[in-house]
Trainee: 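I'd like to ask you about the structure that follows.
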Protein chains: 2
Amino acid sequence: MISSKCNCDRCQHEVCARRVPIFSTLSIEELQKVVNLIYRRSYIKGELIVIEGSNLDSLIIINSGQVKAYRDTQDGKEQILYVFSEGDFFGEKNLIINQAATYNVEALEETNICAIRKEDFQKLLTEHPSIGLKIMEELCNRLDRLEKTIEGMGSKDVEARLGMVLLEFARKHGKESGEGILVELPLSREGIASYIGLTRETVSRKMTLLQNQGIIEMVGNKKVLIKNIKLLEQTVQ
Amino acid sequence: MISSKCNCDRCQHEVCARRVPIFSTLSIEELQKVVNLIYRRSYIKGELIVIEGSNLDSLIIINSGQVKAYRDTQDGKEQILYVFSEGDFFGEKNLIINQAATYNVEALEETNICAIRKEDFQKLLTEHPSIGLKIMEELCNRLDRLEKTIEGMGSKDVEARLGMVLLEFARKHGKESGEGILVELPLSREGIASYIGLTRETVSRKMTLLQNQGIIEMVGNKKVLIKNIKLLEQTVQ
DNA sequence: TTATTTTTGTGAGCCAAATCACAGTTTTTT
DNA sequence: AAAAAACTGTGATTTGGCTCACAAAAATAA
């Protein structure tokens, strides 16, 4: 039997580099060079990939899986800042502004990463300015999201905030189904709460509300069916 | 009488480019080329430099003065996202991810800007990767600040948030004086409130509190004397 | 499968910040 | 300098989300 997927080390490497938006502008030959610089690693669910305060010496790119980036606040809670998945990168702050990690990164499921050492990455940057551009793009997008989050947090429209995350997850992991978009939530209620600065209880209550309005339907704890995305988008507006 | 400051057009240009961190790595010859691409403009207090939703076609760098970047929220309020001053730039989102402006930018005082057209800027970027690096640095710093803001907004420690802005303004505009650090506030109470997601009244009350604790002293409406910066930093922690 | 652990939903009461209201200041304009 | 406009401080009240508490459900382990 012939496997449709080659599992040799080399091919996986290549696939990995191809999947990553920041290398999307490179030619096949250039990509090959990048591939040679990459090393890989796997993490199981719950494993810490980066510890706040530590000195990371690589840019890390997610090949498959999902992670959360979070901080522990004074009052012992965790504040989730990002949920990264396939193709996303992190650790750039350590390389670009030479700063220790400002957040923990933890695998939310089995996760495979590609990493490039600082020196290699910096060399790449000067040799291929297009990579820098891609990174700037992504940084701009992150700024955009954080700006929106802050706007939402300022105006205390709590339901809009919840709607925003649901739509974000729907874009990333939503699957069209007959009755709407089925979304596998990467975070628990507690996680969602920490992501948008609320308590677990409030998230619960607001989700129930959205369900009663016929906008969503909860499927177990980890899935949500968005039945009326138009209405949800209006809520967020 | 000989003026210590040359006011000819050319010199001002040069000064402008020199002052800007993102060009700090360029040689004098390279700088000269950049200078030739720059055009300048002045705005009076209250004037809009960028309108949300419009298509900006230049990177704008502040030569002197101060501006606020803000959005109008659904409920008619304004959410201030950034206060930019000398050496800061904005409009990069329009150039890098080809997006319409996501916020208004308004001069808080008489403000002079330097601007570089999109095409010129993109050419610069590919010719001098170091400029890209500088921009990435700044984007990382902004992400950093927003991440901290979000953390502060999540954990509802309101006084810490106020302390953070005061310290931010102190770093930017603080002047050492006998009794402490005298800070000229770029924003009114209302502005500060909008910057940290509170109401004007709450900011007022908390400022009074800090004053009663002997940490700060308000000097008219637009200045604050930080009498005990150690204590203020502790409040923030 | 059953048992165990983790996660979730929901009521009751509390509390800090929002809102409303208005007088007193400060700043700007004329 | 006087008048107008903008901004600020502070009391009274309301409110929406937080906290606490516990039962129910779901996910995981045995």
Side-chain angles (χ1 to χ4, degrees), chain A residues 44-46 68 73-80 108-110 152-163 165-166 184-213 216-225 235, chain B residues 44-46 68 73-80 106-110 152-163 166 184-213 216-225:
Chain A
I44 60 169
K45 179 177 170 178
K68 66 176 175 184
T73 61
Q74 299 92 306
D75 45 328
K77 291 182 190 168
E78 72 180 37
Q79 168 73 51
I80 297 179
L108 290 169
E109 57 189 54
E110 166 115 38
M153 285 174 118
S155 84
K156 60 173 177 37
D157 194 341
V158 164
E159 279 160 78
R161 270 193 268 173
L162 179 56
V165 232
L166 290 181
E184 181 121 1
L185 300 173
L187 299 174
S188 66
R189 299 286 180 280
E190 182 110 49
I192 293 174
S194 147
Y195 195 33
I196 57 182
L198 296 174
T199 58
R200 177 183 66 76
E201 292 95 327
T202 303
V203 171
S204 253
R205 285 187 245 263
K206 296 299 174 187
M207 293 263 288
T208 307
L209 225 92
L210 284 177
Q211 178 162 261
N212 291 343
Q213 293 171 320
I216 65 169
E217 190 178 307
M218 301 187 240
V219 184
N221 286 338
K222 300 202 154 168
K223 288 179 190 168
V224 164
L225 180 70
T235 323
Chain B
I44 59 168
K45 179 177 170 178
K68 66 176 175 184
T73 61
Q74 299 90 307
D75 44 328
K77 290 183 191 168
E78 71 179 38
Q79 167 73 51
I80 297 178
E106 183 186 317
L108 290 168
E109 57 188 54
E110 165 115 38
M153 285 173 119
S155 84
K156 61 175 174 34
D157 195 339
V158 163
E159 279 160 77
R161 269 193 269 172
L162 179 56
L166 290 180
E184 181 122 1
L185 300 173
L187 299 174
S188 66
R189 299 286 180 279
E190 182 111 48
I192 293 174
S194 147
Y195 195 33
I196 57 182
L198 296 174
T199 58
R200 177 183 67 74
E201 293 93 328
T202 303
V203 170
S204 252
R205 286 187 244 266
K206 295 299 175 189
M207 293 263 288
T208 307
L209 224 92
L210 284 176
Q211 179 160 261
N212 291 343
Q213 292 170 322
I216 65 169
E217 191 178 307
M218 301 187 241
V219 184
N221 285 340
K222 300 203 155 167
K223 287 180 191 168
V224 163
L225 180 70

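By convention in this document, chain letters (A, B, ...) are assigned in the order of the sequence lines, proteins followed by strands, and residues within each chain are numbered from 1. Since the structure is predicted, the reported quantities are computational estimates derived from the model, not experimental observations.
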Trainee: Looking at every heavy atom in both Ala193(A) and Thr199(A), which two are closest together, and how far apart are they?
Mentor: CB-C, 3.5 Å
Trainee: Listed by chain and number, what are the side-chain contact (heavy atoms from CB on, under 4.5 Å) partners of Ala107(B), not counting sequence neighbours?
Mentor: Tyr43(B), Ile49(B), Thr111(B)
Trainee: Taking atom P of dA17(C) as reference, at what distance in whole Å does atom CG of Leu162(B) sit?
Mentor: 12 Å
Trainee: Between atom NZ in Lys206(B) and atom P in dT8(D), what is the gap in whole Å?
Mentor: 18 Å
Trainee: Any chance you could lay out the side chain to side chain contact (heavy atoms under 4.5 Å, CB included) test for Arg161(B) and Leu198(B), step after step, and finish with the verdict?
Mentor: CA-CA 10 Å; Arg161(B) 269 193 269 172; Leu198(B) 296 174; 4.0 Å; yes
Trainee: Tell me: CD of Glu110(B) to P of dT28(C), nearest whole Å?
Mentor: 15 Å
Trainee: For Lys45(A) and dA27(D), what is the distance between atoms NZ and P respectively, to the nearest whole Å?
Mentor: 11 Å
Trainee: Could you state the atom-to-atom distance from CG of Asn212(A) to P of dG9(C) in whole Å?
Mentor: 12 Å
Trainee: So, for Thr235(A) and Ala160(A), which heavy atoms are closest and what is the spacing to 0.1 Å?
Mentor: O-CB, 3.8 Å
Trainee: Apply side-chain contact (heavy atoms from CB on, under 4.5 Å) to Gln211(B) and list each qualifying residue two or more places apart in sequence or on a separate chain.
Mentor: Ile216(B), Glu217(B), Met218(B)
Trainee: The helix from dT1(C)-dA30(D) to dT30(C)-dA1(D): angle between its terminal axes, five pairs each, to 10°?
Mentor: 60°
Trainee: With a 4.0 Å heavy-atom cut-off, tell me which residues in residues 217-224 of chain B come close to DNA chain C, sorted by residue number.
Mentor: Asn221(B), Lys222(B)
Trainee: In whole Å, what is the span from the CD atom of Glu109(A) to the P atom of dT28(D)?
Mentor: 12 Å
Trainee: Starting from P on dT7(C), measure out to CE on Met207(A) and report it in whole angstrom.
Mentor: 15 Å
Trainee: Sequence neighbours left out, what pairs pass salt bridge (charged side-chain N to carboxylate O under 4.0 Å, His left out) with at least one residue falling in residues 185-205 of chain B?
Mentor: none
Trainee: Among residues at least two apart in sequence or on other chains, which ones pass side-chain contact (heavy atoms from CB on, under 4.5 Å) with Lys222(A)?
Mentor: Lys45(A)
Trainee: Which heavy-atom pair separates Leu185(B) from Asn221(B) by the least distance, and what is that distance?
Mentor: CD1-O, 4.2 Å
Trainee: Name the closest nucleotide to the Arg205(A) side chain, picking from dG9(D), dT19(C), dG11(C).
Mentor: dG11(C)
Trainee: Would you say a side-chain N or O of Lys77(A) is under 4.0 Å from OP1 or OP2 of dT19(D)?
Mentor: yes
Trainee: Identify, between Gly197(A) and Thr202(B), the residue whose nearest nucleotide on DNA chain D lies closer to the 5' end.
Mentor: Thr202(B)
Trainee: List for me each residue that meets salt bridge (Lys or Arg N to Asp or Glu O under 4.0 Å) alongside Lys68(B), sequence neighbours excluded, and say none if there are none.
Mentor: Glu78(B)
Trainee: For Lys206(B), which residues count as a side-chain contact (heavy atoms from CB on, under 4.5 Å) partner, sequence neighbours excluded?
Mentor: Val158(B), Glu159(B), Leu162(B), Thr202(B)
Trainee: What nucleotide, of dG17(D), dG9(D), dT8(C), holds the atom closest to the side chain of Ser204(B)?
Mentor: dG9(D)
Trainee: Rounded to the nearest Å, what distance is computed from the CG atom of residue Leu210(A) to the C1' atom of nucleotide dG9(C)?
Mentor: 15 Å
Trainee: Find every protein N or O atom lying less than 3.5 Å from an N or O atom of nucleotides 21-24 of chain C, and list the pairs.
Mentor:
none

Trainee: Any side-chain heavy-atom pair from Ile80(B) and Ile196(B) closer than 4.5 angstrom?
Mentor: no
Trainee: For Glu106(B), enumerate each residue passing the side chain to side chain donor-acceptor pair (under 3.5 Å) test, keeping only those at least two apart in sequence or located in another chain.
Mentor: Tyr70(B)
Trainee: With a cut-off of less than 4.0 Å, is there a side-chain N or O of Thr199(B) near OP1 or OP2 of dA18(C)?
Mentor: yes
Trainee: Please give me every residue in residues 184-191 of chain B whose heavy atoms get under 4.0 Å of an atom in DNA chain D, ordered by residue number.
Mentor: Ser188(B), Arg189(B), Glu190(B)
Trainee: Check every atom of dT10(C), dG9(D), dG17(D) against the side chain of Thr208(B) and return the nucleotide holding the closest atom.
Mentor: dG9(D)
Trainee: Would you indicate whether the side-chain heavy atoms of Leu210(B) and Val224(B) approach each other to under 4.5 Å?
Mentor: no
Trainee: Could I get the full list of side chain to side chain donor-acceptor pair (under 3.5 Å) partners for Glu109(A), not counting sequence neighbours?
Mentor: Gln66(A)
